[in-house]
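What's counted below: heavy atoms across the whole structure, side chains too, no hydrogens, waters or symmetry copies. Chain identifiers are assigned alphabetically (A, B, ...) following the order of the sequence lines, protein sequences preceding nucleic acid strands; residue numbering begins at 1 within each chain.
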2 protein chains.
Amino acid sequence: MVRPREFDEEQALDAAMRLFWEKGYEATSLSDLTSRMGIQRPSIYSAFGDKKELFESALRKYTKMHASQIRNKLQHNESVKEAFRSLFTGLVNDEYNQSPNKGCFCINTMVELAPHDEKFEILTREHQMYLSAIFQEALERAIHSGELTTNMNPKALAQTLVVSLIGLTVLLKSRPNRSFVDHSIETILTLLK
Amino acid sequence: MVRPREFDEEQALDAAMRLFWEKGYEATSLSDLTSRMGIQRPSIYSAFGDKKELFESALRKYTKMHASQIRNKLQHNESVKEAFRSLFTGLVNDEYNQSPNKGCFCINTMVELAPHDEKFEILTREHQMYLSAIFQEALERAIHSGELTTNMNPKALAQTLVVSLIGLTVLLKSRPNRSFVDHSIETILTLLK
DNA sequence: TTAATTTTGTACTGATCAGTATGTTATGTC
DNA sequence: GACATAACATACTGATCAGTACAAAATTAA
């Protein structure tokens, strides 16, 4: 190497991630990307490949970040029930306080690209499976500790919570009444007994 | 009027609906539309306005059709519990047997356009509210008839079912294991006691 | 048959798209 | 300090985008 990069790759990728997250794949142009990433077009291609490859890198960065956030929220809480409650209500608060509503990058990609691109079908599926596994671990901990006394399969319960989280995240994009989502969350949480 | 239309407007709109449903707004070009609708570009503009207006008409056609399908499924069944079960399992079967997975046009639009276009935020929200109202009516019927003996608010329950249906529809786009969705459905249906 | 009017098909518009060729600038090696 | 190398900025490529101008074709009214 003779001349060092003038930009920070991680920082540029982070900017791309936020843009794709906000606008999706098709609606984001290379011009949008160059201006938000603060670098020129050939720099993008040399550092990240073409638009699809950059998108994939951005999504991978997101899923790592997202999974770690969820893990933290589930671990840094005495009560597993309370952890799930604050996970759901936190999501609702976040989404109501931002405009436009970005939702979850992985879910957005599941809708936009997964049906037409197997790579993203797999990538998004694996993330949901991973979230489900994290949820399951937390539920099993709670059962073990006696906090949860359920006769339900923790795996099935975890899967249901993933489905509910997806449903809430998507529904929030239409900005329904708070009561709609609040009541839904309360009802879903009755499964944790 | 001097020269009659050579094409059937409803038929052309139906074709546009299916195309937007499958590919979304951005990924569908005017050239795609002309070839699938079987009419020329100026005919589209004179009959339906620009691309966004055509999309809106297509979505309205879809939500009408979708709502009526759901109504039928909930009414043409002795048992309300069974009706909900067959609604959920029917969705899963349909989605597994088609490629690419189209999901729900309204949900797709909620993800792609609602966060950036208030018109579609409202349109998609109203459809979900309507579905929730239909669900609630069915649940109240079941409570009245004695089929359902729950101490839960039927409204909250209906809203939760809407959230779950959205979550399942979106998750199916990543083609998870059957067991994942099957277990989720079973768990969700335990709310109907 | 003629005039008026609307739809049709073709071909075009300027803008924007993703991706790249090219020459300049900056750095490390010798 | 000369040379090799890689990143940089600019400007371009052909393709495609949404939308439209325009003239030919088709129909009804007179």
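- Straight-line distance from the CZ atom of B/Phe7 to the P atom of C/dG9: 10 Å, rounded to whole Å.
- B/His66 pairs in a side-chain hydrogen bond (donor to acceptor under 3.5 Å, both in side chains) with only one of the listed residues (B/Arg71, B/His127, B/Lys61), which is B/His127.
- Atom C1' of nucleotide D/dA9 and atom CD1 of A/Ile39 are separated by 13 Å, given to the nearest angstrom.
- The side chain of B/Ser31 lies closest to D/dC17, out of C/dT20, D/dC17, C/dT27.
- Listed nucleotides D/dT27, C/dG19, D/dA21 differ in distance to B/Pro42; the shortest reach to its side chain belongs to D/dA21.
- Residue A/Ser29 places at least one side-chain N or O under 4.0 Å from the OP1 or OP2 atom of C/dC17.
- Here C/dT10 is the nucleotide among C/dT10, D/dC8, D/dA18 with the atom lying nearest to any side-chain atom of B/Gln40.
- Rounded to whole Å, atom P of C/dT7 lies 15 Å from atom CE of B/Met37.
- No side-chain N or O of B/Thr187 forms a donor-acceptor pair with one of A/Gln159 less than 3.5 Å apart.
- Between A/Phe84 and A/Phe135, the two ring planes are perpendicular [angle over 60°; tilted spans 30° to 60°].
- Atom CD of A/Glu6 and atom P of C/dA26 are 8 Å apart (whole Å).
- In this structure, B/Lys52 places its NZ atom 17 Å from P of D/dC17, rounding to the nearest Å.
- One can place CG of A/Asp50 at 16 Å from P of C/dC17, the figure rounded to the nearest angstrom.
- Residue A/Ser43 is classed as a sugar-phosphate contact, given heavy-atom separations below 4.0 Å to backbone atoms only.
- Classification of B/Arg18 and B/Glu22 as a salt-bridged pair fails, no side-chain N sitting under 4.0 Å from a carboxylate O.
- Atom CG in A/Asp32 sits roughly 11 Å away from atom P in C/dT16 (whole-Å rounding).
- Remark: P of D/dT20 and CD1 of B/Ile44 are 13 Å apart, rounded to the nearest angstrom.
- Nucleic acid contact for B/Thr28: sugar-phosphate only, since backbone atoms but no base atoms lie under 4.0 Å from a heavy atom of the residue.
- Between A/Arg125 and A/Glu121 there is a salt bridge, since a side-chain N of the basic residue sits under 4.0 Å from a carboxylate O of the acidic one.
- Of the candidates D/dT27, C/dA18, D/dG19, the closest approach to any side-chain atom of A/Leu30 belongs to C/dA18.
- Between the side chain of A/Arg41 and the base of C/dA18, a donor-acceptor pair under 3.5 Å is found.
- The side chain of A/Tyr45 approaches C/dT20 more closely than any other nucleotide in the set D/dG19, C/dT20, D/dT27.
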